[in-house]
Amino acid sequence: MKTIVIGSGLAGLMAAYISKKRGDDVTLLASGAGTLAQNSGCIDILAYTKDKTPVTSPREAIESLPETHPYKKIGIKNIEAATKEFLSLVSSYGLPYCGDLDGVIKVSTPIGTLKSTSYVPYSMNGAALFDAKKIVIVDVERLKDFYGDILRDNLTKHLPQGIELENITIDLSINGARDVSTIDAAKRVDLKEGFDKLVEELRPHAKEGVVFLLPQILGLRGDKAYKALIEVLKTPVVETTCLPSSVNGMRLVRIFCRAFSDIGINYVENTRVIRGVIDKSRVEAVVAKAMARNVKYEGDKFILATGGFLGGGITLESFNNARESIFRLPVWMPEGEKNWSNEKLFGSCPQGFATAGIMTDNALRPVDRHKSVIYENLFVIGRNLGGYDLFFEHSGNGVALASAYHAAVQSVK
Amino acid sequence: MDNQHERSTSEDFGKREYSASYAFSQMADACIACAGCTASCPVTNADGEYVGPKLIGPAQHRFAFAEEDLEKTLKYCTNCKTCDRTCSAGVKVSTINMLTRGKYYDSHPHKVRDMMLSNHSLASHVFRSIPFGSKIANFTLKIARYCGILNMLGVTRNRKLPSYSADSFVDMLLDLDQTPKNKKVVLFQGCFIEHNAPKVGMAFVKVMEANGYEVLRDEKFVCCGSPLVSAGYIEKAWENSVINAKRILYWQRKKIPVVACCTSCSLMLKEEAGELFDDELLFQAGTNVYDAFEFLKKLKQNGELVSPSKKSEETLLYHVPCHLLSQGIGTPAKEILENEGGSKVKVLNTGCCGMAGSYGFQSETAKISLKIGEDLFNRINEEPEASVISDCATCRMQIEYGAKRKTLHPIEILADLYEKKEENPST
């Protein structure tokens with residue numbers, strides 16, 4: 001089967017990977033590098049219900065979602081299978097993740113708020129913070145985007161009382177005159193000199209009961225630096241999430257690059273799909289803009305992962321008229337402009353505009369107003385989907401993975 | 001007839017100012033500052049001075065009216081275009097960089113080294129015009145390197161400049177005595193194939209012959225301008241672009257496509273020139289330009305490709321040049337070599353090699369260049385038995401130096417699979 005995947009965010013990459021592993025001939029068409037550089041790489045399944053109640057078991061909370069939510073269409077079995085595929089991919093390329101669907105993992109942000117998620121690399125699992133006698137918050141000299149003092153003040157509010165917090169600043173001797181980004185620091189730690197310097201700076205503080213809380217600087221090569229560090233220090237080490245550009249997102253980029261090289265996915269960069277070639281209710285091909293000319297890609301199956309408003313997958317053609325950009329699929333939006341947004345950006349109910357997206361049947365094929373399938377061999381995944389507010393409920397990467405898997409495993413006539 | 005037409009279409013062609021245009025201020029404003037380009041930038045990842053594409057490109061551009069001089073680390077940009085490919089907002093960061101660099105050199109002197117490294121074709125023509133010119137040139141370069149003259153000029157002592165081949169490509173093509181055929185392509189051979197690696201050009205000719213094509217040359221073609229742009233000779237690059245585009249449009253009217261084996265040449269001719277100089281005619285000329293394997297893939301899709309008689313079961317590690325990735329056509333060489341040649345082609349996905357034309361030769365950037373290539377070198381050396389291929393001449397040079405592995409153009413692999421002098425009726 002010839003499968004064409006459009007889009008290179010987490011959903012598109014994962015759909016391409018699973019399709020190829022199942023024996024399809026896969027071509028991935030990408031415009032821009034996708035969003036992994038801005039992606040925490042934490043797999044949020046579902047952290048809040050509709051009334052902003054924190055979820056304690058995503059598996060149970062998914063049961064009570066409305067029928068229009070992508071998870072309800074995909075089903076818990078497929079969600080679980082999707083996470084298994086992801087876990088096995090990352091672990092076979094040297095970045096094992098922990099987590100499950102029955103509980104939540106707390107991770108610390110660089111400003112010390114605690115975020116609930118479902119799957120993270122072991123280095124980001126915040127559980128150890130709760131059992132610490134003392135947390136040593138590690139700032140790195142010249143590093144931007146990490147705020148040890150704010151982190152400490154915020155973290156105190158969220159942790160059990162009686163845990164001592166200490167701020168230290170270490171010097172990793174990072175070369176160069178420009179501001180140091182978290183990626184720069186992580187690259188430094190990937191080098192032997194950088195890693196040795198990190199150990200040298202942390203060792204005096206590594207005592208019984210101490211947990212180190214670091215910015216996301218433990219290298220870009222999977223969990224190598226993390227494993228080596230806990231082995232020498234013999235104390236728990238926890239990484240915070242990262243302001244973009246995300247180190248953990250770039251770790252995933254490296255994994256996908258290598259996996260695609262190993263399994264042989266035809267990855268076409270720098271091309272924008274501009275339209276579909278349609279025969280009745282089937283997509284026969286898509287036409288993409290390359291330099292100097294357009295190129296037609298024929299396929300048996302098409303997976304759409306071009307993102308929402310920000311990614312350009314959905315555009316507002318005129319007032320009250322949102323359309324999907326390639327096939328001009330209808331986009332569902334809440335009725336009435338007063339329902340498009342709330343005044344309180346981070347308030348206690350979802351934002352209407354964020355729930356806008358394409359409505360599908362249970363197989364994730366796009367449907368019209370009357371719920372009839374528009375194209376039988378086109379599948380819609382990730383941020384293209386309507387009916388959920390990923391920012392409110394914290395489900396972005398979860399829906400990306402689950403929908404990618406669900407679309408990839410289905411065969412077409 | 002033809003000449004008249006040529007003159008009339010090119011009357012206004014290229015008379016415009018080449019400086020950063022209004023279109024570019026608009027383009028810079030499309031940047032949403034997501035910093036994805038900076039996270040992916042090979043130079044930013046290899047070096048701690050370079051402030052990165054986001055700041056040096058769109059951000060700096062917004063302040064251009066207030067700044068006298070340019071951001072001093074702009075010199076580290078390789079024009080590999082990873083930033084442009086990364087950007088989901090469509091900002092051509094590298095083009096902003098190159099125009100800004102060009103503007104700087106409007107009022108600042110160039111180094112002798114820059115002139116030497118970016119005017120390859122000019123120097124070569126001088127050498128070619130005297131007997132044993134290539135030998136003299138190679139000898140001179142060798143002496144200059146060992147005496148430290150090249151180093152004094154700003155060329156790294158550690159690396160050997162590519163040597164001149166005894167015969168140029170054009171000499172070899174003229175000696176070949178091709179049978180005239182109805183189906184024709186023009187090869188834009190570019191400076192490197194012409195003077196240093198004519199065997200790549202000859203491999204292309206062999207493949208095309210086997211497919212019933214005659215390969216023409218056009219002696220009016222000049223350097224595509226890519227090395228000139230990188231070195232900040234923007235006006236000269238613009239002049240070259242206009243000369244080449246006129247010829248390409250001439251061939252377009254004759255319905256003969258122009259094909260290039262060098263991916264930086266094809267990128268410049270297809271779209272980079274149009275982007276830099278904001279000229280519709282340059283874009284129009286680009287529509288008649290093909291990468292060699294893109295053209296072969298087109299033949300295959302039309303059912304016209306003659307399968308080679310031999311098959312290879314070799315594993316090939318394929319470093320895809322940045323300037324091919326930018327063309328948005330994927331990896332046609334992989335498709336042809338796998339489906340027609342029987343090879344197993346592994347695309348390496350390890351990012352830019354770091355050579356970037358003359359970047360790897362310049363004293364101040366030679367170290368960064370090798371650092372950029374580290375991931376690629378390590379990946380290649382994981383598989384010591386496999387052969388290595390890459391379409392770009394300077395990528396091949398970098399791999400041969402950094403990974404110590406012989407590297408071929410994919411067209412050389414394909415050419416070997418066709419029998420010599422295979423004649424096919426051109427139907």
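Every chain is numbered from 1, with letters handed out A, B, ... down the list of sequences. Everything numeric in this text was worked out from a predicted model, so none of it was measured.
Contact annotation for B/Cys87: only backbone heavy atoms (N, CA, C, O) come within less than 4.5 Å of a heavy atom of chain A. Within the 4.5 angstrom heavy-atom criterion, only side-chain atoms of B/Glu294, from C-beta onward, approach chain A. At a 4.5 Å heavy-atom cutoff, B/Val320 makes no contact with chain A through either its backbone or its side chain. There is no contact between B/Leu55 and chain A, counting heavy-atom distances below 4.5 Å. Contacts of B/Thr44 with chain A are made by both backbone and side-chain atoms, with heavy-atom separations under 4.5 Å.
Interface check for chain A: of the options B/Gln284, B/Lys270, B/Lys334, B/Glu49, the most heavy-atom pairs under 4.5 Å are formed by B/Glu49. With chain A as partner, the option from B/Arg379, B/Lys346, B/Glu335, B/Glu338 having the largest number of non-hydrogen pairs under 4.5 angstrom is B/Arg379. Comparing B/Ser326, B/Cys37, B/Gly52 by how many heavy-atom pairs each has under 4.5 Å with chain A, the most go to B/Ser326. Contact count against chain B (heavy-atom pairs under 4.5 Å) is highest for A/Gly176 among A/Gly307, A/Ser31, A/Ser8, A/Gly176. Contact count versus chain A (heavy atoms, under 4.5 Å) is highest, among B/Ala39, B/Gly286, B/Ser88, for B/Ala39.
No more than 12 heavy atoms of other residues, nucleotides or ligands lie within 6.0 Å of CZ in A/Arg272, so this atom counts as exposed by the packing criterion. More than 12 heavy atoms of other residues, nucleotides or ligands sit less than 6.0 Å from atom CD of B/Glu382. The neighbour count for A/Leu310 CG, taken as heavy atoms of other residues, nucleotides or ligands under 6.0 Å away, does not exceed 12. Around the NZ atom of B/Lys367, the shell of radius 6.0 Å holds no more than 12 heavy atoms that belong to other residues, nucleotides or ligands. Counting heavy-atom neighbours within 6.0 Å of B/Lys344 NZ, excluding the residue itself, gives a total above 12.
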**OP:** Determine, stepwise, if the pair B/Asp84 / A/Asn270 fulfils side-chain contact (heavy atoms from CB on, under 4.5 Å).
**Re:** CA-CA 8 Å; B/Asp84 303 11; A/Asn270 213 30; 5.7 Å; no
Original post:
Could you walk me through whether B/Asp47 and A/Asn175 pass the side-chain contact (heavy atoms from CB on, under 4.5 Å) check?
Top reply: CA-CA 8 Å; B/Asp47 176 73; A/Asn175 297 326; over 6 Å; no
Subject >> Verdict with reasoning, B/Asn349 to A/Ser261, per side-chain contact (heavy atoms from CB on, under 4.5 Å) >> reply: CA-CA 6 Å; B/Asn349 290 345; A/Ser261 168; 4.0 Å; yes
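The CZ atom of A/Arg258 sits 9.0 Å away from atom OG1 of B/Thr350, with the distance rounded to the nearest 0.5 Å. One distance of note links CG of B/Leu325 with OH of A/Tyr267; it measures 10.0 Å at 0.5 Å rounding. Taking NZ of A/Lys187 as the reference point, atom CG of B/Asn45 lies at 4.0 Å (rounded to 0.5 Å). The structure places CE of A/Met291 at 9.0 Å from CZ of B/Phe283, a figure rounded to the nearest 0.5 Å.
Electrostatic pairing of B/Asp375 and A/Arg254 counts as a salt bridge here, judged by a charged N lying under 4.0 Å from a carboxylate O. For A/Glu269 and B/Lys81, the salt-bridge test fails: no basic side-chain N is under 4.0 Å from an acidic carboxylate O.
Residues B/Ser40 and A/Met250 approach most closely at OG-CE, 4.3 Å, considering heavy atoms.
B/Arg85 places no side-chain N or O within donor-acceptor distance of the main-chain N or O of A/Gly32, the cut-off being under 3.5 Å.
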